[in-house]
A.B. asks: 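To start, I am sharing the structure in question, which I have written as structure tokens.
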There are 2 protein chains.
Amino acid sequence: MDAFTGELGSGDRLLMAAIDLIAEKGYNGVTTAEIASAAGLSEKTLFRHFGSKLNLLESAIDRFRYAEEMRQLFEGKLVWDLESDLYAIGVKYHEIMNRNRKLLMISIKDEAHLPGLKERKMQHPHQLLDFLDRYFRTMAEKGKIANGNPRMLAFTFLMANFGAFINDLEAGENYPGIGLDSFIRESVKIFARSVAR
Amino acid sequence: MDAFTGELGSGDRLLMAAIDLIAEKGYNGVTTAEIASAAGLSEKTLFRHFGSKLNLLESAIDRFRYAEEMRQLFEGKLVWDLESDLYAIGVKYHEIMNRNRKLLMISIKDEAHLPGLKERKMQHPHQLLDFLDRYFRTMAEKGKIANGNPRMLAFTFLMANFGAFINDLEAGENYPGIGLDSFIRESVKIFARSVAR
DNA sequence: TATGTCTGTCAGTACTTACTGACATTGTAT
DNA sequence: ATACAATGTCAGTAAGTACTGACAGACATA
């Protein structure tokens, strides 16, 4: 039936409610009764499905992990024009990070309960850093950008976007007049000018 | 006596222990007994001093708030050489942010308990953004850097440093081979090249 | 109809934890 | 010596919360 109606099963409704509430209030800040109620189910059903609160959280993380997404960036077709490529990478980066926003929030707030989650979350940036590093090297070999310190260029670009993401993440409308898209566009120009020949 | 020995009074010991533990485990993740014990005092003494757990946290925030520190950046003597000035600002920024690290962590983890703290914490970046904006404008007027979008340049510089700080903050040694000081130096060079004439 | 599955209700247990009151102890100042 | 201020000990209360067991109703399938 679900396959036809598109409705979610009880298990998934509980997992989604758990992600929402724990991301907002933290693991210790939310009760199992609250989660069940947000899912429109009884607390008893929650325990029948998951046995314990901790297992509910772990299941939720497993279920909503967008594990390999950062690889999309690697598969995206590059056109070997610095500004175009950096812009596309920036847009994709924020797209993925925003989709993972709630899990990120949980991994920040409740690292104590979740050994290993933080480490797994950090694999993505590492992959992206290596990718950008190689990209800049290749661009230099092609003679399209100046020689320099490609790894630090990659790292700074990554940190700028990470900072912008975190800033939005926890504060919403923090800097009036500065939107995400204009930030991506302008910051790409800044980096592009820095390595122009 | 304290004035001579340099020892802290009971109240301050409790406040420090509270900051340490709440930053690490979150408000709901730590008990009053734990805090008192970490301060080497009894739980009873904690309540005699502060009355309630929440009031303890609020007092701790008041006590250890480095409210006006970001202004030091404004008073720091600029030499109107782009690389020197940006480097000095970067170093000072991380110095201040690191000193505020624990309060920052609390404001991220437990915003729920502390309405208004997040807002106060955001005043600093705004001031710094305005300051950088004006600095770049002046540099352009002096003919020392190219004309462009000073506000976005300031914002990107700020975000890069913020991202690097947060990255260290929650993950420690995340990117092997990339230390804070080398990041500041190299990122400054990247931004400087971007606006060189 | 009969059976199995999923769910709700309700009462309850065991544990944690913020917070209190009564009283003793220690050290300091007068 | 006496009074006072700060602290400890200990027992305890009240509330919250993760988690359970017993039972019943709804619904689909055979």
Side-chain angles (χ1 to χ4, degrees), chain A residues 1-63 106 109-110 112-115, chain B residues 1-63 106 109-110 112-115:
Chain A
M1 174 82 76
D2 285 0
F4 291 97
T5 62
E7 281 170 24
L8 293 172
S10 300
D12 277 353
R13 295 223 307 281
L14 287 164
L15 294 174
M16 287 183 57
I19 291 279
D20 281 353
L21 290 173
I22 295 176
E24 186 189 339
K25 306 180 173 190
Y27 181 79
N28 285 319
V30 75
T31 70
T32 50
E34 234 176 314
I35 295 172
S37 157
L41 296 166
S42 74
E43 195 182 1
K44 184 76 201 183
T45 300
L46 185 156
F47 282 101
R48 272 198 273 249
H49 274 267
F50 299 103
S52 76
K53 185 185 180 183
L54 187 57
N55 184 55
L56 168 65
L57 172 55
E58 284 167 352
S59 303
I61 288 170
D62 281 350
R63 176 76 174 76
I106 291 175
K109 286 189 179 180
D110 290 297
H113 304 281
L114 301 158
Chain B
M1 174 79 79
D2 285 358
F4 291 99
T5 62
E7 282 171 24
L8 293 172
S10 301
D12 277 354
R13 293 223 308 281
L14 287 164
L15 293 174
M16 286 183 58
I19 291 280
D20 281 352
L21 290 173
I22 295 176
E24 187 189 338
K25 306 179 172 189
Y27 181 79
N28 285 318
V30 74
T31 70
T32 50
E34 235 176 313
I35 295 172
S37 156
L41 296 165
S42 74
E43 197 182 359
K44 185 77 202 180
T45 301
L46 185 157
F47 281 101
R48 272 198 272 250
H49 274 266
F50 299 103
S52 78
K53 186 185 181 185
L54 187 57
N55 184 56
L56 168 65
L57 172 55
E58 285 167 351
S59 303
I61 288 170
D62 281 351
R63 175 78 174 75
I106 291 175
K109 286 189 178 180
D110 289 297
H113 304 282
L114 302 157

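Not measured: the values here are computed from a predicted model.
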A.B. asks: So what does B/Gly11 hit on the nucleic acid, given a heavy-atom distance under 4.0 Å: a base, only sugar-phosphate, or nothing?
C.D. replies: nothing

A.B. asks: Is any side-chain heavy atom of B/Phe47 closer than 4.5 Å to a side-chain heavy atom of B/Leu56?
C.D. replies: no

A.B. asks: Could you state the CD-C1' distance from A/Glu34 to D/dT17, rounded to the nearest angstrom?
C.D. replies: 11 Å

A.B. asks: Check every atom of D/dT7, C/dT7, C/dA18 against the side chain of B/Phe47 and return the nucleotide holding the closest atom.
C.D. replies: C/dA18

A.B. asks: Rounding to an integer number of Å, can you tell me how far B/Asn28 CG sits from D/dA15 P?
C.D. replies: 19 Å

A.B. asks: OP1, OP2 of D/dA6 versus side-chain N and O of B/His49: anything below 4.0 Å?
C.D. replies: no

A.B. asks: Please confirm whether the shortest side-chain N or O distance from B/Thr32 to OP1 or OP2 of C/dA18 is below 4.0 Å.
C.D. replies: yes

A.B. asks: Are the side chains of A/Thr45 and A/Ser42 in contact, using a 4.5 Å heavy-atom criterion?
C.D. replies: yes

A.B. asks: Out of D/dA18, C/dT7, D/dT7, which has the shortest distance to the side chain of A/Thr31?
C.D. replies: D/dA18

A.B. asks: Tell me which of A/Gly51 and B/Glu43 sits closer to the 5' end of DNA chain D, going by the nucleotide each one is nearest to.
C.D. replies: B/Glu43

A.B. asks: Report the distance from atom CG of B/Leu46 to atom P of C/dC19, rounded to the nearest whole Å.
C.D. replies: 9 Å

A.B. asks: Specify the separation, in whole Å, of atom CG of A/Leu14 and atom P of D/dA18.
C.D. replies: 14 Å

A.B. asks: Taking the side chain as every heavy atom from C-beta outward, state whether A/Ile106 and A/Leu114 have any pair of such atoms under 4.5 Å apart.
C.D. replies: yes

A.B. asks: Tell me: CZ of A/Arg48 to P of D/dC23, nearest whole Å?
C.D. replies: 14 Å

A.B. asks: Nearest-Å distance, CD1 (A/Ile35) to P (D/dT17)?
C.D. replies: 12 Å

A.B. asks: Please check if the side chain of A/Asp110 supplies one atom and the backbone of A/Tyr27 the other of a donor-acceptor pair under 3.5 Å.
C.D. replies: yes

A.B. asks: Separation of A/Leu57 atom CG from D/dC19 atom P, in whole Å?
C.D. replies: 12 Å

A.B. asks: How long is the line joining CG of A/Leu21 and C1' of D/dA18, in whole Å?
C.D. replies: 16 Å

A.B. asks: To the side chain of B/Lys53, which of C/dC19, D/dT7, D/dC19 is closest?
C.D. replies: C/dC19

A.B. asks: Rounded at 0.5 Å granularity, tell me how far NZ in B/Lys109 sits from CG in A/Asn28.
C.D. replies: 11.0 Å

A.B. asks: Output the single nucleotide from D/dT7, C/dG8, C/dT7 whose closest atom is nearest the side chain of A/Ser42.
C.D. replies: C/dG8

A.B. asks: Let me spell it out: for each of A/Lys44 and B/Ser52, pick the nucleotide of DNA chain C with the closest heavy atom. Which residue's pick is nearer the 5' end?
C.D. replies: A/Lys44

